Amino acid sequence: MSLRLRLFLILALATGAIWFSAVMWIEHSTRAQVTKVLDARLAEAANMVSSLLEDRRIAMAGEGAPVAIPLDPHHDYAHQLSCQIWSLQGTLVGQSEGAPDTQLTGSAGTGYSESTVGGETWRVYTVENRALGVRVMVGDSLGVRNRLVAGVIEGLLLPMALILPLLAAAIWVSLGQGLAPMHRLAEALRLRSPSDLAPLPAGPVPAEMRPMRGALDGLFSRLAAARETERDFTAFAAHELKTPLAGLRTQAQIARIAPDAATRARALHNIERSVDRTDRLVRQLLELSAVEREGAAADRLDLGELCAEICTDLAPLAEARGVTLRSEVPQGVELALPASAFLLHAALRNLVENAVQASPEGGSVRVSQDAAVLTVQDAGPGIPEALRARACERFVRGAQGGDGSGLGLAIARAAMERLGGRLELPASAGQGQRAELHLPGPG
């Protein structure tokens, strides 16, 4: 269902409900007013007949037929009234033309009452005149009153039946005009080039559409930044992969034409280093991609076991570089994480691997824990102050120089952000660099 049709139905139903409520209220109000006015006319007519009897301007019947009672001929309503005069002993002594022969009401005393006569309901006002020994009854049929009220309602419904289609057409056209800015925005977006991520053109915008316009401009801005990041990432990755591949080719050529065993061995050693560097770069690129798409399902792990596992995996690398690697995080305490444990594993592994790569021969790398902070301390030269602000950007190398890929800290920061924590690299007063993983809280 289109928004225009949805709004039209809502407005049409709301308008219809208001009109129906108004008709019901008018019907109720009219009926109350008609009852009030006609009841007053009944009492007026009954009291008038009683006064005429007292003034002997109307003669009561004796033993013969009841006398005819004239009502005010100047009121059309008088033709709808019926009047009866009954003696207190129950004898009909007078009646108006067209009045039923049956007693209008059996109620005694003066006042209003309702009764059924000849299958028709009557509203009757009775005046009991004990001085004359009679009861004067004046009544009208409730059907007459209902027809009066129905006439008023029909007078309202006929104009409404004519006006409602015009009102519906006016609502439909007005909605089209009101939604025109949204259609213009949709058309502008439809004609927009996929590569055009500039903000929407400036111009007057309805207040209701400003949040949407602002959200679209924000989305375009984020998409442009993401596209720029991906473009840089692709360019840097291609460059980083091209460099070791070119080195591999060169060293292979040297090994093939080497004049002696020492030259060949040195070339083969350089090939091995290039393969290791390329392997690490590819692994980290895949790991970065996995971190960015990892789901947010909650997980649990033993932090001590995780640290011990990573130290065991990287022990060959540490041994090859002459670096001591140890974990001081106690085992046996389970930690609840708001996202996948893979994210913490990726962050910690890359920090430890960076620390091993940055540490000189004979140095040490230590993993420790203090409350909700996991610390990796190396013995390297630390991050230069000039690079500290950009240390976590992709392909920015620090202490590792040419042996690093510049992705380790970027992976660690991205993983901690997805996990709900953060990575901090405080400046070191002495030798070495400390990296802190601030774990997310239990909430």
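Just so we're clear, the structure is a prediction, and the values are computed from it rather than from any experiment.
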**OP:** Decide if atom CG of Asp196 counts as having more than 12 heavy atoms of other residues, nucleotides or ligands within a radius under 6.0 Å.
**Re:** yes
Subject >> Salt bridge present between Glu187 and Arg184 (N-O < 4.0 angstrom) >> reply: no
Subject >> Nearest heavy-atom neighbours spanning Leu162 and Pro165 >> reply: O-CD, 3.5 Å
Subject >> N/O donor-acceptor pair under 3.5 Å between Glu44 side chain and Ala46 backbone >> reply: no
Subject >> Minimum heavy-atom distance between Trp122 and Ser141, given as atom pair plus value >> reply: CE3-N, 3.8 Å
**OP:** Side-chain contact test, heavy atoms from C-beta onward, threshold under 4.5 Å: evaluate it for Glu436 versus Leu374 and give yes or no.
**Re:** no
**OP:** First locate atom CD of Glu154, then atom CZ of Arg147, and finally report the distance between them rounded to the nearest 0.5 Å.
**Re:** 12.0 Å
Subject >> CD on Gln331 to CD on Glu309, rounded to 0.5 Å >> reply: 10.5 Å
Subject >> Exam field: side chain Ser174 to backbone Ala170, donor-acceptor pair closer than 3.5 Å >> reply: yes
Original post:
Can you tell me if Asp370 uses its side chain to pair, donor with acceptor, with the backbone of Val373 under 3.5 Å?
Top reply: no
Subject >> Any Val124 side-chain heavy atom under 4.5 Å of Glu114 side chain >> reply: no
Original post:
Do the side chain of Thr15 and the main chain of Leu11 share a donor and acceptor less than 3.5 angstrom apart?
Top reply: yes
Original post:
Do Gln103 side-chain atoms and Thr105 backbone N/O form a donor-acceptor pair below 3.5 Å?
Top reply: yes
Original post:
Do the non-hydrogen side-chain atoms of Glu319 and Leu325 ever get within less than 4.5 Å of each other?
Top reply: no
Original post:
Hey, what do you get for CD (Gln369) to CG (Leu437), rounding to the nearest 0.5 Å?
Top reply: 11.0 Å
**OP:** Could you please spell out the steps behind the side chain to side chain contact (heavy atoms under 4.5 Å, CB included) verdict for Gln357 and Arg321?
**Re:** CA-CA 8 Å; Gln357 294 278 3; Arg321 297 184 64 88; 3.4 Å; yes
**OP:** For side chain to side chain contact (heavy atoms under 4.5 Å, CB included), just list the numbers for Leu344 and Met416, CA-CA rounded to whole Å, side-chain angles, deciding distance to a tenth of an Å, and then say yes or no.
**Re:** CA-CA 7 Å; Leu344 183 57; Met416 291 306 294; 4.2 Å; yes
Original post:
What are the two closest heavy atoms between Asp313 and Pro316, and how far apart are they?
Top reply: O-CD, 3.4 Å
Subject >> Interatomic distance, Met212 atom CE to Asp217 atom CG [nearest 0.5 angstrom] >> reply: 12.0 Å
Original post:
Which heavy-atom pair separates Arg264 from Ala255 by the least distance, and what is that distance?
Top reply: NE-O, 3.6 Å
Subject >> Any Arg135 side-chain heavy atom under 4.5 Å of Val127 side chain >> reply: no
Subject >> ring pair (Phe, Tyr, Trp, His ring centres under 6.0 Å) involving Trp172 - partner list, sequence neighbours excluded >> reply: Phe8
Original post:
Going from CG on Leu409 to CG on Asn350, what distance comes out if it is rounded to the nearest 0.5 angstrom?
Top reply: 8.5 Å
Let me check something: any side-chain donor-acceptor pairs from residues 359-368 under 3.5 Å, sequence neighbours excluded? List them with distances.
{"residue": "Ser359", "atom": "OG", "partner": "Ala355", "partner atom": "O", "Å": "2.7"}
{"residue": "Ser359", "atom": "OG", "partner": "Ala379", "partner atom": "N", "Å": "3.3"}
{"residue": "Arg366", "atom": "NH1", "partner": "Glu328", "partner atom": "OE1", "Å": "3.3"}

Subject >> Closest non-hydrogen atom pair, Leu185 against Leu216 >> reply: CD2-CD1, 4.1 Å
Original post:
If you draw the axis of the six-membered ring of Phe220, does the NZ or CZ of Arg192 fall within 45° of it and under 6.0 Å from the ring centre?
Top reply: yes
Subject >> Close side-chain approach of Thr30 and Leu148, heavy atoms under 4.5 Å >> reply: no
Subject >> Spatial distance of atom CH2 (Trp19) from atom CG (Leu167) [nearest 0.5 Å] >> reply: 7.0 Å
**OP:** Taking the side chain as every heavy atom from C-beta outward, state whether Arg145 and Asp140 have any pair of such atoms under 4.5 Å apart.
**Re:** yes
Subject >> Donor-acceptor pair between Thr110 and Glu128 side chains, under 3.5 angstrom >> reply: no
Original post:
What do you reckon, is NE2 of His183 surrounded by more than 12 foreign heavy atoms closer than 6.0 Å?
Top reply: yes
Subject >> Test log, rule side chain to side chain contact (heavy atoms under 4.5 Å, CB included), inputs Leu348 and Cys307 >> reply: CA-CA 8 Å; Leu348 183 59; Cys307 295; 3.7 Å; yes
Original post:
So, for Gln251 and Ile271, which heavy atoms are closest and what is the spacing to 0.1 Å?
Top reply: CB-CG1, 3.3 Å
Original post:
Are Ser82 and Met137 side-chain neighbours, meaning at least one heavy-atom pair lies under 4.5 Å?
Top reply: no
Original post:
Are the side chain of Asp302 and the backbone N or O of Gly332 linked by a donor-acceptor pair below 3.5 Å?
Top reply: yes
**OP:** For Ile171 and Leu7, run side chain to side chain contact (heavy atoms under 4.5 Å, CB included): C-alpha distance rounded to whole Å, both residues' side-chain angles, the deciding distance at 0.1 Å, then the answer.
**Re:** CA-CA 9 Å; Ile171 292 175; Leu7 290 173; over 6 Å; no
Subject >> Side chain to side chain, Asn270 and Thr250, heavy atoms closer than 4.5 Å >> reply: no
Subject >> Over 12 foreign heavy atoms within 6.0 Å of CZ, Phe20 >> reply: no
